[in-house]
Each structure stands twice: as structure tokens, then as C-alpha cells.
A.B. asks: 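What follows is a single structure, and I will ask about it in a moment.
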There are 2 protein chains.
Amino acid sequence: MKLNFEKFKKDFSLSLEDISREYFIRNKDNMSIKKESTAIKNLATIIQTTLSISNDRGFQAMSLRDLSKESGLSLGALYSYFSSKEELFRIIHNIGMDTITNVLVQNIAHCNTLEEKLRHGIKIHLYLSELMGDWFYFLYMETKNLSKEERKLSLQAELYTENIFAEIIQEGIKKKIFQTKNALLISSAIKALLQDWYLKRWKYLSRKITVEEYAEFVIEFVEANLLKNKK
Amino acid sequence: MKLNFEKFKKDFSLSLEDISREYFIRNKDNMSIKKESTAIKNLATIIQTTLSISNDRGFQAMSLRDLSKESGLSLGALYSYFSSKEELFRIIHNIGMDTITNVLVQNIAHCNTLEEKLRHGIKIHLYLSELMGDWFYFLYMETKNLSKEERKLSLQAELYTENIFAEIIQEGIKKKIFQTKNALLISSAIKALLQDWYLKRWKYLSRKITVEEYAEFVIEFVEANLLKNKK
DNA sequence: AAAAAAATAACGAACGTTCGTTTTTATATT
DNA sequence: AATATAAAAACGAACGTTCGTTATTTTTTT
């Protein structure tokens with residue numbers, strides 16, 4: 001049950017090609033590209049290049065000519081994989097959301113104690129964002145491109161994660177394991193600390209802090225509050 | 001010495017007009033608008049509208065026709081206040097950076113105890129970001145528009161704030177007031193929690209959490225770590 | 001040779017920007 | 001005080017360029 005990053009990384013087999021394959025299989029009827037291997041290869045390239053340019057200069061600032069040049073596909077070829085720039089955004093956004101949500105849901109393990117549950121949740125989030133940093137950063141920074149209604153859905157996803165922690169803490173309070181008046185604020189703070197890891201990658205990278213070290217820190221930081229008068 | 005938001009708000013007299021006035025006076029030689037009152041009025045409108053559109057849809061997504069329409073100034077008139085869209089960005093970015101830095105530097109008070117100093121720093125940051133939320137959000141989300149070199153300067157500003165807290169904590173460790181192995185990580189976490197306040201305004205607003213409540217929470221949250229084995 | 005995929009070329013709309021003109025405001029003259 | 005003149009500010013149509021997108025042609029694969 002003891003989770004570390006190496007183990008998570010090994011079990012986490014989702015490559016960009018896997019993600020592209022799943023998308024192709026689900027949507028092959030509406031796609032003009034017939035051959036699976038070609039579709040997957042190019043989809044993976046397109047997504048990777050888009051994430052890379054967007055995270056550097058912004059999705060709006062990326063022209064399709066940029067994408068063409070940096071992906072090695074012609075303008076015409078690109079349009080075999082999406083019908084508009086807006087759709088390209090939606091594809092990446094939706095794939096990212098779904099993938100992340102699925103991995104999180106599947107990995108929220110049933111631990112023995114609530115303390116373990118809390119630690120486990122924090123680690124899973126951090127480890128996943130370590131492996132899918134591009135996606136997390138993109139989803140966070142490019143929400144502006146969504147319509148008003150789509151944004152609301154995106155906000156609910158934010159609250160969803162927060163709620164997972166809130167529920168653990170609430171239950172802990174009932175069972176008198178945790179002690180705090182601010183269960184929701186603490187959940188919110190946890191979320192902020194988890195996000196900092198992928199929003200400020202450059203900082204932690206330059207300081208040579210590993211994801212495991214950071215996870216330990218966050219856990220300690222949070223537990224110092226929840227177990228304040230316990231120890 | 002006891003600081004609360006109401007007091008800070010009253011003492012903080014900087015309006016958008018004040019900021020525009022200072023910019024005008026500094027740059028009047030290079031400006032085609034001669035009359036101070038006109039320049040200030042329109043500069044304030046331009047800045048406010050740009051911040052508003054940018055924070056909603058993104059600076060890149062804002063066309064100058066949008067800005068013209070929503071500010072009430074014609075396309076031609078706009079170009080009397082800046083020489084290019086890029087310059088408009090730089091003007092707002094630089095004014096924002098300078099203003100915020102100045103206010104912070106001026107308000108880092110010399111408190112009696114280190115604990116007070118820490119609390120004071122947290123409050124000042126939160127109160128200021130409460131009053132200048134638009135600017136903070138803009139500066140955070142639109143860094144992409146800067147050149148590589150300008151970005152580096154921007155990152156150093158991020159580290160500057162962090163360092164203020166790091167130094168307080170370091171000193172506290174020396175004097176055996178605080179206790180932690182992770183002074184820098186805690187500073188980094190403080191920064192993340194302060195940023196969450198203006199990055200997730202919608203969330204805290206909808207939960208009706210006031211800036212004072214949040215400040216109290218952050219202080220409590222941090223002190224629980226620094227004073228762990230003290231109480 | 002037929003089908004699929006990629007590359008090329010072209011289109012109209014929208015962009016940032018400029019500029020000749022008009023409107024408004026301030027100054028000078030009667 | 002009223003009028004004439006000059007300066008300042010605002011206007012919006014038009015320019016060249018770049019954008020997303022589509023139609024056509026070429027290349028590759030089966």
C-alpha cells in the first residue's frame with residue numbers, strides 16, 4: 001500500500017500514443033484518416049506540439065502555420081485531424097480532463113486509515129501532475145478559451161478534487177482523528193499547494209526538489225494543522 | 001500597529017487615476033496628448049478596459065476593435081496613448097509591477113516581534129491583492145506575452161516576495177522562535193496560498209469568505225507549522 | 001489503378017496600424 | 001462678450017499583412 005513515485009510511474013502506463021489511440025478508436029467514424037497507425041502517430045505529434053507551443057506562448061498566440069511548421073505536418077494535413085482551431089482546443093481539453101479524472105478516480109484507493117487516505121490522495125495528485133505536467137498546465141492556463149458554460153463545468157472539476165479532501169477531513173473530524181474548524185479552507189489550501197507544483201515547475205526544478213520531497217512536505221504541512229493538539 | 005483591512009483600505013489612497021497621473025507626468029514628453037486631465041481620464045479608461053477584457057478572454061484574444069468599442073475611444077484615439085498593442089501590454093505590465101512593488105516595500109513595517117512581522121507580511125500581501133486584484137491576475141496570467149529576458153525579470157519578482165518570508169523565517173529559526181527544516185518550502189507555500197486568493201476569486205467570493213478571514217486562516221495554517229512543538 | 005494521405009495554393013475575413021479629415025477645446029483678437 | 005484663429009484630440013475609412021479555412025493538386029500506399 002505504501003506508495004512512491006517510482007512505483008506509480010511504472011504502473012502508470014498511459015503514453016501519449018495510448019491516449020491518441022483511445023481517441024482515434026472512439027472517433028474513427030468521424031475521422032478522414034483511416035489507418036490507425038498513421039492517425040495515432042500524427043495525433044500524438046499534433047497534441048504534443050500544441051501543448052508545447054501553448055504552454056510557451058499561449059494557445060491564442062499559436063497560429064496554425066506555427067503548428068504546421070513545428071509539427072512537420074502541412075496545413076492541409078492538419079485539417080484531416082480536426083475541423084477547426086477551436087475543435088483542436090476542445091479535443092485536447094476534453095481528452096486531458098477525461099484522462100486525468102479517470103486516473104484520479106481509479107487511484108483513490110481504499111486505505112485503512114483516514115490519515116493514509118489523505119496522504120495517498122496528495123501523493124496521487126502530485127505524482128500524476130508530475131507525469132502529465134503539460135496537460136495540467138494547459139488545462140489551468142487556457143480555460144479562457146472555453147465558452148461561459150464550458151467554464152462552469154471546468155470549475156466544478158476544480159471543486160471535485162477539493163471535495164475529495166474535504167470529505168476525508170470531515171470524516172476525520174467526526175472520528176476525532178483530525179481537529180480543525182476550517183475543513184473546507186484546508187482542502188482549498190491543499191489544492192493550492194498541489195497546483196503550485198505544476199504551475200511553478202521552473203522554481204522547484206531549479207531548486208532540485210523532487211516530487212517525493214514536495215509530497216512529504218505538503219503532507220507534513222497539512223497534518224501539522226489537522227493533528228495540532230494531538231501529538 | 002494592529003493591521004486590519006479597513007484601515008489598510010483607508011490608508012491606501014492609490015486610485016487608477018493616481019496611477020495614470022504618475023505615468024503621464026513621467027512620460028509627458030513622449031506623449032502626443034498634452035492636457036493632463038484628458039490624458040489621465042482616457043489612460044484610466046484604457047487600462048481598466050484592457051485589464052477587464054484580458055482577465056476575461058485574454059490579452060491576445062482582445063482586438064483593438066474590442067478595446068475601442070468597450071472603452072468608447074476610437075481606434076485612432078487609442079493610438080495617441082500607445083504606439084502599438086505590444087507597447088500597451090508593456091505599459092500596463094510595468095506600471096503594475098512598479099506600483100505593487102512600491103506599495104509592498106513601503107508597507108513592510110518594522111514590527112516588534114518576528115511573529116508580528118510574519119503576520120504583517122501576509123496581511124499586507126492579501127489586502128493589496130484584494131484592492132488590486134485585476135492587476136495581480138493580469139500580471140500572473142499574461143506573463144507569456146513578455147520576451148524571454150523580460151520573463152526572467154518577472155520570475156525574480158516572484159522570488160523577491162518569497163524571499164521576504166524566507167528571511168523572516170530564517171531569522172526566527174536562529175532566535176529559536178520558529179522551528180522547521182523547510183524554511184524555503186514554507187515560504188514557497190505561503191506564496192502559493194497568497195496567490196490562491198486572487199487566482200480563485202470566484203471561489204472565495206461565492207463562499208463569502210472575507211479577506212480578513214482568509215488572512216487569519218493562512219496565518220494560523222503557517223504558524224501551526226512554525227510553532228509545532230512550541231505550544 | 002484506386003484510395004488515402006499529404007502538400008500546395010488560394011480565399012475572404014479580421015487583424016494591427018496609419019492617415020487625411022473633422023470635431024472639440026483653448027487662445028487671441030476685436 | 002463675441003468672434004476669429006490655432007492647437008489638440010478624436011474619428012473612422014483604408015492599407016498591407018496574417019489569420020483560419022478550403023479547394024486543388026501531388027505523392028504515397030494498398
Side-chain angles (χ1 to χ4, degrees), chain A residues 20-21 23-24 27-47 49-50 53-54 57-93 142 144-145 147, chain B residues 20-21 23-25 27-47 49-50 53-54 57-92 142 144-145 147:
Chain A
S20 304
R21 178 176 300 109
Y23 177 79
F24 174 76
N27 299 78
K28 66 167 89 182
D29 297 344
N30 311 320
M31 291 196 55
S32 67
I33 302 293
K34 303 295 166 197
K35 207 178 150 195
E36 184 169 317
S37 63
T38 337
I40 289 169
K41 176 170 66 80
N42 288 338
L43 270 174
T45 308
I46 291 170
I47 293 173
T49 311
T50 304
I53 299 179
S54 296
R57 296 174 327 232
F59 183 79
Q60 286 269 4
M62 173 191 81
S63 76
L64 291 180
R65 282 162 184 83
D66 292 337
L67 180 56
S68 166
K69 215 169 275 181
E70 299 197 26
S71 70
L73 285 144
S74 69
L75 276 173
L78 287 178
Y79 273 85
S80 309
Y81 296 88
F82 51 79
S83 65
S84 70
K85 193 187 176 188
E86 201 192 320
E87 199 199 42
L88 171 63
F89 179 81
R90 252 202 323 274
I91 290 172
I92 296 184
H93 186 270
E142 301 288 350
K144 286 183 168 59
N145 296 299
S147 70
Chain B
S20 303
R21 178 175 301 110
Y23 177 79
F24 174 76
I25 290 169
N27 299 79
K28 65 167 91 181
D29 296 345
N30 310 320
M31 291 195 55
S32 69
I33 303 294
K34 303 296 168 194
K35 209 180 147 192
E36 186 169 313
S37 65
T38 328
I40 289 169
K41 176 171 64 83
N42 288 337
L43 270 173
T45 308
I46 291 171
I47 294 173
T49 311
T50 304
I53 299 178
S54 296
R57 287 169 271 159
F59 182 79
Q60 286 271 1
M62 174 192 81
S63 75
L64 291 182
R65 281 162 186 81
D66 293 336
L67 180 56
S68 164
K69 214 169 278 179
E70 300 198 25
S71 69
L73 285 142
S74 70
L75 280 172
L78 287 178
Y79 273 85
S80 309
Y81 296 88
F82 50 80
S83 66
S84 70
K85 193 186 176 190
E86 201 193 321
E87 198 200 43
L88 170 62
F89 179 81
R90 251 203 323 275
I91 289 172
I92 296 183
E142 301 288 351
K144 288 183 167 58
N145 295 299
S147 71

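In what follows, chains are A, B, ... by sequence order, proteins preceding strands, each numbered from 1.
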A.B. asks: Under a cut-off of 3.5 Å for both distances of each Watson-Crick or G-U pair, what dot-bracket string does DNA chain C give, using [ ] for crossing pairs and | for inter-strand pairs?
C.D. replies: ||||||||||||||||||||||||||||||
A.B. asks: Distance check needed: C:dA5 P versus A:Leu78 CG, whole Å only.
C.D. replies: 15 Å
A.B. asks: Could you pull out all residues at least two apart from A:Ser147 that satisfy side chain to side chain donor-acceptor pair (under 3.5 Å)?
C.D. replies: A:Glu150
A.B. asks: Starting from C1' on D:dA8, measure out to CE on B:Met31 and report it in whole angstrom.
C.D. replies: 13 Å
A.B. asks: Sequence neighbours excluded and cut-off under 3.5 Å, please list the side-chain donor-acceptor pairs for residues 68-81 of chain B, or say none.
C.D. replies:
from	atom 1	to	atom 2	distance (Å)
B:Ser68	OG	B:Leu73	O	2.7
B:Glu70	OE2	B:Arg57	NH2	2.8
B:Ser71	OG	B:Leu67	O	2.7
B:Ser71	OG	B:Ser68	O	3.4
B:Ser71	OG	B:Leu73	N	3.3
B:Ser74	OG	B:Ala77	N	3.1
B:Ser80	OG	B:Ala77	O	3.2
B:Tyr81	OH	B:Asn42	ND2	2.7

A.B. asks: Between CD1 of A:Ile40 and CG of A:Leu43, what distance do you get to the nearest 0.5 Å?
C.D. replies: 8.0 Å
A.B. asks: Under 3.5 Å, side chain of A:Asn145 to main-chain N/O of A:Glu142, donor-acceptor pair present?
C.D. replies: yes
A.B. asks: How many angstroms lie between CD1 in A:Ile33 and CZ in A:Phe24, if you round to the nearest 0.5 Å?
C.D. replies: 8.5 Å
A.B. asks: Under the salt bridge (charged side-chain N to carboxylate O under 4.0 Å, His left out) definition, can you give me all pairs with a residue in residues 73-91 of chain A, not counting sequence neighbours?
C.D. replies: A:Glu86-A:Arg90
A.B. asks: Applying side chain to side chain donor-acceptor pair (under 3.5 Å), name anything that partners A:Glu36, two or more places apart in sequence or on another chain.
C.D. replies: none
A.B. asks: Can you build the contact string for nucleotides 9-23 of chain D? Use B for base contact, S for sugar-phosphate-only contact, and - for no protein heavy atom under 4.0 Å.
C.D. replies: SSBB-B----BBBB-
A.B. asks: Enter the distance from A:Ile91:CD1 to A:Ser83:OG here, rounded to the nearest 0.5 Å.
C.D. replies: 7.0 Å
